[in-house]
Amino acid sequence: MKKLSVLLGALLFSASPAVAEDFVYLRCESNRFITVKNLKSNQIIKREEKTVIQHLKLDLLNSRIMGSLGGEWEEVQIVNGHVVEETEIIKNGKTFVTKASMQYDPPGRIIADHLIRRDALSELESGKIRGICIGSDESSFEKALKESQS
């Protein structure tokens, strides 16, 4: 599920984000930690840690965000310079729970946590994203989006 994971430290830059019309563009670098556990045996099946760089496009008028790695709009809440997302979706024997917050004005930290329960596989995936965002521009976002789609 592509969330702020698509979405998610201390404030790095205090300059205003790059704004073109009603859009904010950010470049976020985050560390992602994922653990998958077998619910029957209670054993950890997989652990993964990686650094990810993603460009984000925030639509302030329509309260939505698009990441260069996903390429699709997602509805979010925008509150006092932060993007906030809390979702719980149950679909096809899977439960997705996401809580995320990203500071965009001024650009700053991104924090996200998710749980995915896959009943058919008796698995539980938990993930954490911790990172920092800086102001960017439309051309950098479009370039990153194009590269991720090729």
Side-chain angles (χ1 to χ4, degrees), residues 1-37 44-92 94-118 121 123-150:
M1 185 148 201
K2 296 175 183 169
K3 294 283 175 196
L4 277 178
S5 21
V6 74
L7 42 176
L8 300 141
L11 183 63
L12 184 60
F13 289 96
S14 59
S16 295
V19 178
E21 298 170 19
D22 297 308
F23 296 105
V24 174
Y25 295 91
L26 299 167
R27 178 188 181 277
C28 301
E29 184 170 344
S30 60
N31 292 315
R32 299 183 181 202
F33 309 94
I34 295 173
T35 303
V36 179
K37 181 192 262 188
I44 294 175
I45 301 168
K46 175 181 171 183
R47 280 200 178 151
E48 182 179 292
E49 180 179 337
K50 64 182 176 177
T51 300
V52 176
I53 295 174
Q54 177 166 220
H55 291 259
L56 301 170
K57 179 178 184 177
L58 177 59
D59 180 348
L60 299 176
L61 283 181
N62 297 301
S63 297
R64 60 189 188 156
I65 193 167
M66 178 189 296
S68 61
L69 299 178
E72 295 181 16
W73 288 110
E74 296 176 32
E75 291 185 24
V76 293
Q77 295 177 7
I78 298 175
V79 182
N80 297 326
H82 286 78
V83 174
V84 179
E85 182 177 28
E86 290 189 27
T87 58
E88 184 172 339
I89 300 168
I90 300 171
K91 185 177 181 180
N92 299 328
K94 295 180 185 177
T95 304
F96 303 91
V97 179
T98 303
K99 292 186 180 191
S101 174
M102 178 186 67
Q103 185 176 335
Y104 75 88
D105 187 16
R109 65 184 177 173
I110 183 170
I111 298 171
D113 296 304
H114 79 264
L115 287 173
I116 303 172
R117 182 182 171 121
R118 299 176 189 94
L121 300 173
E123 289 181 353
L124 179 66
E125 175 182 313
S126 61
K128 293 186 178 295
I129 297 172
R130 302 293 185 265
I132 201 85
C133 298
I134 59 173
S136 187
D137 57 43
E138 182 177 10
S139 64
S140 296
F141 174 82
E142 294 299 333
K143 180 180 176 187
L145 180 62
K146 191 174 186 177
E147 287 174 2
S148 75
Q149 293 175 341
S150 50

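Within the structure, the salt bridge (charged side-chain N to carboxylate O under 4.0 Å, His left out) test picks out no pair touching residues 139-150 (sequence neighbours left out).
Minimum interatomic distance between S136 and L26 (heavy atoms only, all atoms of both residues): CB-C, 3.7 Å.
In this structure, E85 CD and K99 NZ are separated by 12.0 Å, a value rounded to the nearest 0.5 Å. A distance of 10.5 Å separates CG in D113 from OG in S101, rounded to the nearest 0.5 Å. Taken to the nearest 0.5 Å, the CD atom of E88 stands 10.0 Å off from the CG atom of L115. Here CG of N31 is found 11.5 Å from CD1 of I110. Values are rounded to the nearest 0.5 Å. Residue Y104 holds its OH atom at 8.5 Å from CG of N80, rounded to the nearest 0.5 Å. The distance from atom CD of E48 to atom OG1 of T35, rounded to the nearest 0.5 Å, is 9.5 Å.
In this structure, K57 has no side chain to side chain donor-acceptor pair (under 3.5 Å) partners at least two apart in sequence or on a different chain. A search for salt bridge (Lys or Arg N to Asp or Glu O under 4.0 Å) contacts involving R64 returns D59, not counting sequence neighbours.
For the pair L56/M102, a side-chain contact is recorded, criterion being any heavy-atom separation below 4.5 Å from C-beta on. Between V24 and D105, the closest side-chain pair of non-hydrogen atoms is not below 4.5 Å. You'll find the side chain of H114 reaches within 4.5 Å of the side chain of E125, heavy atoms only. At least one side-chain heavy atom of I111 sits under 4.5 Å from a side-chain heavy atom of R130.
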Q: Before giving the answer on side-chain contact (heavy atoms from CB on, under 4.5 Å), spell out for I78 and L60 the whole-Å C-alpha distance, their side-chain angles and the decisive distance to 0.1 Å.
A: CA-CA 8 Å; I78 298 175; L60 299 176; 4.0 Å; yes
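Using a 4.0 Å cut-off between charged side-chain N and carboxylate O, R27 and D137 make no salt bridge.
The main-chain N or O of L69 is found under 3.5 Å from a side-chain atom of Q54 such that the two form a donor-acceptor pair.
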